Amino acid sequence: QPWLLFFFRSLRKQKQKLQSKVSKETILSLHLKPLEAEIVNNLEQHGKLSISQMLQLITCSRNTLKKTLALMIEESKIKRHGKGKATWYTL
């Protein structure tokens, strides 16, 4: 039984790594700019994020992030929920 537990845990880890690689490949296939790809990647990992949360994960200025998010919303790559300080974003 210990061997089976080890084996199944190893399989689960391998599946998670492959799933991460596939999602990165999907992002690259969308022809996203590097900042857009970083935003999509973080939204995939966290589900929903506000601008302040994104700024903690991504190194760029607040204005650059806001402009990029606005463009991504126009292109229907992400969705905005709420208004003002209560705004958060999802895929």
Side-chain angles (χ1 to χ4, degrees):
Q1 285 183 350
W3 165 248
L4 284 175
L5 289 174
F6 169 78
F7 180 72
F8 286 127
R9 285 184 188 135
S10 297
L11 280 177
R12 184 176 49 201
K13 286 180 185 178
Q14 188 65 25
K15 179 189 168 240
Q16 290 169 346
K17 287 179 184 179
L18 288 173
Q19 195 171 21
S20 173
K21 285 183 181 181
V22 168
S23 67
K24 286 179 185 178
E25 289 296 322
T26 303
I27 291 169
L28 291 176
S29 70
L30 294 175
H31 304 292
L32 297 175
K33 297 174 186 170
L35 181 57
E36 291 176 347
E38 211 171 336
I39 291 169
V40 169
N41 189 27
N42 282 312
L43 286 173
E44 277 182 347
Q45 289 178 0
H46 300 281
K48 66 178 187 176
L49 291 169
S50 66
I51 288 179
S52 59
Q53 290 170 327
M54 284 188 213
L55 286 171
Q56 292 175 352
L57 300 169
I58 301 170
T59 53
C60 70
S61 72
R62 186 175 193 86
N63 289 334
T64 302
L65 181 60
K66 282 184 167 184
K67 288 177 186 177
T68 304
L69 290 171
L71 287 173
M72 291 177 75
I73 291 166
E74 280 181 30
E75 297 170 353
S76 300
K77 293 178 182 174
I78 61 171
K79 295 178 185 176
R80 177 180 24 216
H81 305 274
K83 289 189 177 186
K85 291 184 178 184
T87 303
W88 47 279
Y89 301 88
T90 60
L91 288 176

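On a predicted model such as this, the values are computed, not experimentally measured, just so you know.
Considering CZ of R9 and CG of L5, their distance stands at 5.0 Å, rounded to 0.5 Å. A distance of 6.0 Å separates CG in L35 from CD1 in I58, rounded to the nearest 0.5 Å. Between the CD1 atom in I39 and the CE atom in M54 there is a gap of 6.0 Å [rounded to 0.5 Å]. Interatomic distance, K48 NZ to T90 OG1, rounded to the nearest 0.5 Å: 9.5 Å. A distance of 5.0 Å separates CG in L18 from CD in Q14, rounded to the nearest 0.5 Å. M72 contributes atom CE, which lies 6.0 Å from atom CG of L32 (distance to the nearest 0.5 angstrom).
Side-chain atoms of S10 come within 3.5 Å of backbone N or O of F6 as a donor-acceptor pair.
Judged as a salt bridge (charged side-chain N to carboxylate O under 4.0 Å, His left out), the pairs with a partner in residues 61-75 (not counting sequence neighbours) are, in order, E75-K77.
Considering all non-hydrogen atoms of both residues, Y89 and L43 come closest at O-CD2, 3.3 Å. Residues L57 and E38 approach most closely at O-OE2, 4.0 Å, considering heavy atoms. Between C60 and L65, the shortest heavy-atom contact is SG-CB, 3.8 Å. The minimum heavy-atom distance between T87 and K83, with the atom names listed, is OG1-C, 3.1 Å.
Placement of L71 and L91 in two distinct hydrophobic clusters is found when ILVMFWY residues are connected by side-chain heavy-atom separations under 4.5 Å, directly or transitively. Note: the hydrophobic cluster containing I73 does not contain W88 (ILVMFWY, side chain heavy atoms under 4.5 Å, direct or indirect links).
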